Amino acid sequence: MEELNKHSKAVTQDPTQPAAQAMLHAIGLSEEDFKKPFVGVASTGYEGNPCNMHLNNLAEHVKSGVNDSQGVGLIFNTIGVSDGISMGTPGMRYSLPSRDIIADSMETVVQAMSYDGLVTVVGCDKNMPGALMAMLRLNRPSVLVYGGTIASGCLNDKKLDVVSAFEAWGEKVAGKIDETQYKQVIQNACPGAGACGGMYTANTMASAIEAMGMALPYNSSNPAVGQEKINECADAGKAAMNLLQRGIKPSDIVTKKSLENAITMVTVLGGSTNAVLHFLAIADAAGLEFTLKDFQRISDETPFLADLKPSGQFLMEDIHEIGGVPAVMKFLLENKMLHGDCLTVTGKTVGENLASVPPLKKDQQVVRDISDPIKSTGHITILHGNVASEGAVAKITGKEGLLFRGKAKVFDGEFEANDGIKNGQIEKGDVVVIRYVGPKGGPGMPEMLKPTAAIMGVGLGKEVALITDGRFSGGTHGFVVGHITPEAQVGGNIALLQNGDTITIDASKKTIEVELSDEELVIRKSQWSQPELKVQSGSLYKYAKLVSSASSGCVTDK
């Protein structure tokens with residue numbers, strides 16, 4: 001049997017560490033406990049966000065599962081940033097950097113405190129990749145627990161979610177709804193605990209991580225509130241102990257094939273473009289070669305099947321009702337779209353886990369058959385061209401069309417763009433350009449949900465395109481291109497665009513081009529000067545100095 005306390009024995013068994021042992025007695029541990037493995041239970045729980053408000057309670061159930069399996073569960077906390085609350089404000093610049101702070105802080109505690117294993121209890125978008133990056137750096141037996149999705153809101157028999165609130169602002173600006181109707185949407189969109197309900201970034205990452213094998217079956221689709229999630233948390237504590245006993249580490253689970261399973265799930269479900277950014281960073285933490293070309297390869301080979309918000313009509317709670325993510329995985333495995341031999345945190349393979357799982361419910365309408373896809377290939381398209389020589393990420397579901405050609409309407413930042421939409425500056429046929437919002441230029445690569453939701457709300461969602469060196473919320477839909485690299489702050493060609501330039505986005509050819517000669521671009525580049533960073537101290541300054549390009553995942557530890 002594997003030595004279970006390989007790391008914690010440095011403080012519990014070494015006779016030259018009396019102070020450490022005295023402190024451990026002070027927290028209530030006995031001599032008998034000192035012989036057991038220590039499992040850190042990392043919660044991103046805090047009161048300020050529905051995605052995270054219930055996580056500290058779930059962490060207690062994880063701890064019980066560890067303790068019931070002859071381990072010592074020790075809860076600690078780290079930060080979280082609510083994308084939904086910070087969206088459209090200067091605070092949104094801290095969202096993506098929080099991913100790396102979460103990874104750094106979890107790594108720090110587990111290493112410093114000599115824990116033998118780790119269970120992370122996470123809710124909002126950046127919690128999950130941050131936690132997984134820490135697990136891979138540490139490479140100690142680990143399990144990820146997702147806090148679950150929120151129940152849908154309801155108004156006048158219509159389901160609502162957080163994006164309904166963003167789009168309601170655009171509807172109010174356009175005069176489609178009055179102030180009373182606007183307030184009613186806000187008051188009814190989010191009924192309680194849980195992450196945003198559509199196939200936005202949180203549910204995208206949770207589903208993909210379950211498909212990857214780093215979370216228990218049903219983890220991503222079990223709702224935030226209910227006995228299923230509580231039971232699952234206790235089981236996660238037990239699973240961590242099983243991994244310790246069997247010596248199974250994240251590096252045994254996260255492989256090139258399991259990454260392919262994850263991205264296949266993202267593609268089938270129509271998930272967030274943020275998955276590209278995060279899985280590049282996850283692959284980097286795992287020491288695996290996985291690039292933008294791999295995303296495009298999988299997208300080319302995989303149909304988009306799930307009719308989920310933001311582009312469709314259903315929510316994660318509907319996936320739960322038709323059998324959960326395991327039922328979707330079983331469907332994919334039966335159609336030879338998953339690697340069934342990949343190991344998971346149950347200690348079993350994907351195929352073994354799915355053998356007893358009931359299939360998708362008959363007559364369900366959420367996930368289409370492969371013979372009747374929403375789109376025969378994936379919705380994520382990697383574009384290259386003279387606007388994005390290192391690549392850009394488009395979310396093309398097929399409902400927007402595959403080609404857009406229009407005149408640039410350029411904004412140096414999101415707030416300029418929001419004012420432009422509000423003041424009626426955006427017209428049919430425009431290509432809205434929002435720049436200097438990349439990882440260095442933001443700094444922090446904020447999401448552009450507010451302008452894209454406003455464009456939808458004013459009724460121009462099918463009439464304009466939007467391109468940016470920032471990124472998009474999983475709640476964004478429409479003809480949008482993000483992650484343009486090189487970004488404007490470092491002199492990428494997006495910095496050289498001017499109002500009236502003709503831009504063509506061709507999803508079939510996978511290109512994004514401005515109709516300017518190379519000579520004209522050279523002239524414009526000679527006239528461009530790099531602006532100062534928007535911050536000169538603090539964590540965003542450090543982030544801007546350290547962060548890599550979006551085309552390599554915005555990593556900060558290289």
Side-chain angles (χ1 to χ4, degrees), residues 96 99-100 103 126 128-130 132-133 135-137 201 204-205 208-209 211-214 250-251 253-268 271-302 304 337-339 342 377-396 438-440 445 467-472 474 481-487 490 492-494 505-512 546-558:
L96 183 59
R99 180 193 76 182
D100 293 64
K126 310 311 167 296
M128 280 169 278
L132 191 50
M133 287 159 65
M135 291 172 173
L136 288 162
R137 292 179 194 171
T201 306
T204 297
M205 292 304 298
I209 290 167
M212 174 188 269
M214 284 300 296
S251 59
I253 296 171
V254 180
T255 63
K256 182 77 176 273
K257 288 168 70 174
S258 71
L259 279 168
E260 290 176 344
N261 283 351
I263 305 309
T264 296
M265 179 61 73
V266 171
T267 306
V268 165
S272 167
T273 53
N274 279 320
V276 177
L277 204 64
H278 296 324
F279 277 102
L280 287 172
I282 288 162
D284 180 80
L288 297 170
E289 183 72 21
F290 203 83
T291 69
L292 290 174
K293 290 181 180 179
D294 292 293
F295 287 90
Q296 189 61 65
R297 169 177 57 83
I298 294 167
S299 190
D300 288 343
E301 297 170 352
T302 308
F304 168 33
M337 294 168 66
L338 286 185
H339 302 292
C342 291
T377 56
H379 63 299
I380 290 177
T381 302
I382 309 301
L383 306 177
H384 288 83
N386 64 1
V387 175
S389 59
E390 292 179 9
V393 181
K395 186 177 186 179
I396 308 294
K440 291 182 182 293
M445 205 180 181
I467 70 173
T468 180
D469 55 4
R471 59 196 177 89
F472 295 112
V481 181
H483 308 203
I484 287 178
T485 53
E487 63 172 296
V490 300
N493 283 350
I494 188 173
I505 306 161
D506 190 328
S508 297
K509 295 181 179 177
K510 303 180 179 61
T511 57
I512 178 167
L546 291 171
V547 68
S548 73
S549 166
S551 61
S552 58
C554 293
V555 297
T556 59
D557 62 338
K558 290 289 187 289

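The structure presented is a predicted model; accordingly, all values stated were derived computationally and were not measured.
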- Task: Would you please test N261 and C342 for side-chain contact (heavy atoms from CB on, under 4.5 Å) and show each step?
- Result: CA-CA 9 Å; N261 283 351; C342 291; 3.7 Å; yes
- Message: For a side-chain contact (heavy atoms from CB on, under 4.5 Å) check, start with the C-alpha distance between V393 and V481, then their side-chain angles and the critical distance, and finish with the verdict.
- Response: CA-CA 6 Å; V393 181; V481 181; over 6 Å; no
- Task: Mind running side-chain contact (heavy atoms from CB on, under 4.5 Å) on V387 and I484 for me, showing each step along the way?
- Result: CA-CA 8 Å; V387 175; I484 287 178; 4.1 Å; yes
- Task: Kindly indicate, with the supporting measurements, whether the criterion side-chain contact (heavy atoms from CB on, under 4.5 Å) is fulfilled by M205 and K126.
- Result: CA-CA 9 Å; M205 292 304 298; K126 310 311 167 296; over 6 Å; no
- D300 vs K510, salt bridge (Lys or Arg N to Asp or Glu O under 4.0 Å): CA-CA, chis, key distance, verdict: CA-CA 11 Å; D300 288 343; K510 303 180 179 61; 3.7 Å; yes
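Contact record, P486 with I494: O-CG2, 4.1 Å, taken as the closest heavy-atom pair. Heavy atoms only, all atoms of each residue included: A262 and A211 are closest at CA-CB, 4.3 Å. The shortest non-hydrogen separation linking G391 to T485 is O-OG1, 2.8 Å. Nearest heavy-atom pair, P439 versus A550, reported as atom, atom and distance to 0.1 Å: CG-N, 4.3 Å.
Judged by distance alone, the side chains of T201 and S272 do bring a donor and an acceptor atom under 3.5 Å apart. Of the N and O atoms on the side chains of T556 and D100, at least one donor lies less than 3.5 Å from an acceptor on the other residue.
Rounding to the nearest 0.5 angstrom, the gap separating the CD1 atom in I396 from the OG atom in S508 is 9.5 Å. Distance check: I505 CD1 to I467 CD1 gives 6.0 Å after rounding to the nearest 0.5 Å. With rounding to the nearest 0.5 Å, the separation of CD1 in I298 from CD1 in I380 is 9.5 Å. Between atom CG of residue D469 and atom OG of residue S549 there is a gap of 10.5 Å, rounded to the nearest 0.5 Å. Here OG1 of T511 is found 4.5 Å from CG of D506. Values are rounded to the nearest 0.5 Å. Taking OG of S258 as the start and CE of M212 as the end, the distance is 5.0 Å to the nearest 0.5 Å.
The backbone N or O of N386 lies less than 3.5 Å from a partner atom in the side chain of N493, making a donor-acceptor pair. Side-chain atoms of E487 come within 3.5 Å of backbone N or O of K440 as a donor-acceptor pair. Formation of a donor-acceptor pair under 3.5 Å by the H483 side chain with backbone atoms of S551 is not found in this model. Q296 places a side-chain N or O within donor-acceptor distance of the main-chain N or O of I382, the cut-off being under 3.5 Å.
With a 4.5 Å cut-off on side-chain heavy atoms, L338 and T264 count as touching. No side-chain heavy atom of E301 sits less than 4.5 Å from a side-chain heavy atom of T267. When side chains are defined from C-beta on, T204 does not count as touching M265, because their heavy atoms never get closer than 4.5 Å. Side chains of I512 and H384 form no contact here, defined as non-hydrogen atoms less than 4.5 Å apart. Using a 4.5 Å heavy-atom cutoff, the side chains of V254 and L136 are in contact. Side-chain contact check for C554 versus M445: some heavy-atom pair is nearer than 4.5 Å. Residues I263 and F295 are in side-chain contact: their nearest non-hydrogen atoms beyond the backbone lie under 4.5 Å apart. Side-chain atoms of T377 and T302, non-hydrogen and from C-beta on, never get closer than 4.5 Å to each other.
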For residues 277-293, tabulate all N or O donor-acceptor pairs below 3.5 Å that involve a side-chain atom, not counting sequence neighbours.
residue, atom, partner, partner atom, Å
H278, ND1, R99, NH1, 3.2
D284, OD2, K558, NZ, 2.9
T291, OG1, K293, N, 3.2

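With sequence neighbours excluded, the residues that form a salt bridge (charged side-chain N to carboxylate O under 4.0 Å, His left out) with K256 are D294.
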